[in-house]
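All residue numbers refer to positions in the sequence shown, counting from 1.
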Amino acid sequence: RYRISVRKVQERRFPELTDELVAKNTDLENIAALREKVKEELTLRADRAAVERLESVLLEKVVDSHPFEAPGALVEGLLDDFVQQRRSEATYQGEDPDAVNVDELKSTNREGADRQVRRMLLLDAIAHEQKIEVTEEELRERVMRMSAMRGTEPRKLIDEMGGDRFLRRLSREVRDKKVLAFLVENAEITEKTVPAQPGE
């Protein structure tokens, strides 16, 4: 049994949105300008999400149209990374990392790892064929952007994230985005209107 005494009840109350409040707390002049800016940001976010979805669909189409057996060593390496990541998560959550069922984890993720390796190899092949590379300026710009978001110095960020290994991984990410942009630019996309189903 517990006896509880309520000493205070609080309610969060937000100030009324006015032109004065907007001008005081933002670099905008009034509510209309704030609404317009929010609308622009939401539109940009939606456009970005649509492009990322298109990139994903196109990449999967490329993978499906180029069936080949992924090198076993690369698949096993990726599965080992999955295991290491799961062990790290277990440690972070206060669980026993040795309790991770390695065989089950690898078996569950083998098909996904195989497909991911095939994606990586196809992206490599397209980048090589189309001579898509990452310049030092592009990589430097990405590092600067990441360091600004984290509020740290670029050199410190690189050291904390793994040094040269981090830079190689980041360079690959930038290159892959350029390859995906190439796929989008050169894709033949047909728009089709689908009638709504009853009840939708």
Side-chain angles (χ1 to χ4, degrees), residues 44-93 95-136 138-139 141-143 145-146 149-150 157-158 160-194 197 200:
L44 285 172
R45 192 177 303 175
D47 290 344
R48 200 157 45 236
V51 169
E52 289 175 356
R53 172 64 181 154
L54 178 58
E55 290 173 347
S56 176
V57 169
L58 289 174
L59 181 55
E60 295 309 313
K61 291 288 186 184
V62 171
V63 173
D64 290 337
S65 62
H66 293 80
F68 63 92
E69 186 175 346
L74 293 180
V75 175
E76 286 299 325
L78 195 56
L79 288 172
D80 288 339
D81 289 344
F82 288 162
V83 171
Q84 185 58 43
Q85 181 180 350
R86 182 65 190 93
R87 286 180 182 273
S88 298
E89 290 173 356
T91 302
Y92 179 77
Q93 295 169 0
E95 302 171 1
D96 182 7
D98 293 330
V100 173
N101 189 326
V102 175
D103 291 336
E104 181 182 349
L105 188 62
K106 285 189 173 185
S107 176
T108 303
N109 289 281
R110 185 168 298 280
E111 185 177 342
D114 180 89
R115 193 168 182 85
Q116 186 168 338
V117 167
R118 289 170 58 208
R119 285 191 203 102
M120 291 164 53
L121 293 176
L122 285 168
L123 286 170
D124 287 345
I126 295 170
H128 178 73
E129 183 177 330
Q130 299 299 324
K131 297 180 174 56
I132 298 174
E133 298 177 345
V134 177
T135 65
E136 289 186 9
E138 288 173 327
L139 187 58
E141 182 182 333
R142 180 70 181 272
V143 170
R145 194 160 61 244
M146 289 180 67
M149 289 176 61
R150 292 171 180 257
L157 173 72
I158 294 171
E160 289 176 349
M161 298 296 287
D164 290 341
R165 186 176 180 181
F166 163 70
L167 289 176
R168 286 194 297 272
R169 187 171 69 249
L170 190 62
S171 178
R172 183 184 182 91
E173 287 179 9
V174 175
R175 190 213 62 184
D176 286 353
K177 288 297 291 182
K178 293 176 73 172
V179 173
L180 291 171
F182 167 80
L183 291 177
V184 171
E185 184 179 345
N186 291 276
E188 294 182 7
I189 301 173
T190 303
E191 294 186 9
K192 182 171 67 173
T193 302
V194 179
Q197 298 296 321
E200 292 186 353

Item to check | Any donor-acceptor N/O pair, Thr108 side chain to Glu104 backbone, under 3.5 Å | outcome: yes
Item to check | Nearest-0.5 Å distance, CG of residue Leu105 to CG of residue Leu79 | outcome: 8.0 Å
Item to check | Nearest-0.5 Å distance, CG of residue Asp81 to CD of residue Gln85 | outcome: 8.5 Å
Next on the checklist: Walk me through whether Phe166 and Arg169 qualify under side-chain contact (heavy atoms from CB on, under 4.5 Å).
Outcome noted: CA-CA 5 Å; Phe166 163 70; Arg169 187 171 69 249; 3.5 Å; yes
Checklist entry - Below 4.0 angstrom, N of the basic side chain to O of the carboxylate: do Asp64 and Arg115 qualify? => result yes
Checklist entry - Does the side chain of Arg87 come within less than 4.5 Å of Phe82's, by heavy atoms? => result no
Item to check | Distance in Å, Ile126 CD1 paired with Ile132 CD1, rounded so as to fall on 0.5 Å steps | outcome: 7.5 Å
Checklist entry - Salt-bridged, Glu173 to Lys178, with N to O below 4.0 Å? => result no
Checklist entry - Should Ser56 and Leu180 count as side-chain neighbours, where that means a heavy-atom distance under 4.5 Å? => result no
Next on the checklist: When you compare the side chain of Arg48 with that of Arg53, does any pair of heavy atoms fall below 4.5 Å?
Outcome noted: no
Checklist entry - Do the side chains of Leu123 and Leu59 get nearer than 4.5 Å, heavy atoms only? => result yes
Item to check | Closest contact, heavy atoms only, Pro71 versus Val117 | outcome: CD-CG1, 4.2 Å
Next on the checklist: I'd like to know if Arg145 and Glu141 make a salt bridge, using a cut-off of under 4.0 Å between side-chain N and carboxylate O.
Outcome noted: yes
Checklist entry - More than 12 foreign heavy atoms under 6.0 Å from CD of Glu69: is that the case here? => result no
Checklist entry - Looking at side-chain heavy atoms only, is the closest gap between Met146 and Leu170 below 4.5 Å? => result yes
Checklist entry - For the atom pair CZ (Arg142) and CG (Leu139), what is the distance rounded to the nearest 0.5 Å? => result 9.0 Å
Next on the checklist: Please determine whether side-chain contact (heavy atoms from CB on, under 4.5 Å) holds for the pair Asp80 and Gln84, giving the CA-CA distance in whole Å, both sets of side-chain angles, and the decisive distance to 0.1 Å.
Outcome noted: CA-CA 6 Å; Asp80 288 339; Gln84 185 58 43; over 6 Å; no
Checklist entry - Atom NZ of Lys106 and atom CG of Asn101: how far apart are they, to the nearest 0.5 Å? => result 11.5 Å
Checklist entry - Between Arg119 and Glu60, is any pair of side-chain heavy atoms under 4.5 Å apart? => result yes
Checklist entry - Side chains of Arg118 and Val75: does their closest heavy-atom pair fall under 4.5 Å? => result no
Checklist entry - Which heavy atom of Pro97 sits nearest a heavy atom of Ala90, and at what distance? => result CA-CB, 4.1 Å
Checklist entry - Within the side chain of Asn186, is there an N or O that forms a donor-acceptor pair under 3.5 Å with the backbone of Phe182? => result yes
Item to check | Derivation and outcome, side-chain contact (heavy atoms from CB on, under 4.5 Å), residues Thr91 and Glu95 | outcome: CA-CA 5 Å; Thr91 302; Glu95 302 171 1; over 6 Å; no
Next on the checklist: Check this for me: does any side-chain nitrogen of one of Arg175 and Glu138 sit under 4.0 Å from a carboxylate oxygen of the other?
Outcome noted: no
Checklist entry - Can you find a heavy atom in the side chain of Leu78 that is under 4.5 Å from one in the side chain of Asn109? => result no
Item to check | Lys/Arg-Asp/Glu bridge criterion (N-O < 4.0 Å) met for Asp124, Arg172 | outcome: yes
Checklist entry - Does OH belonging to Tyr92 count more than 12 external heavy atoms closer than 6.0 Å? => result no
Item to check | Ile158 and Asp164: CA distance, side-chain angles, deciding distance, side-chain contact (heavy atoms from CB on, under 4.5 Å) verdict | outcome: CA-CA 8 Å; Ile158 294 171; Asp164 290 341; 5.8 Å; no
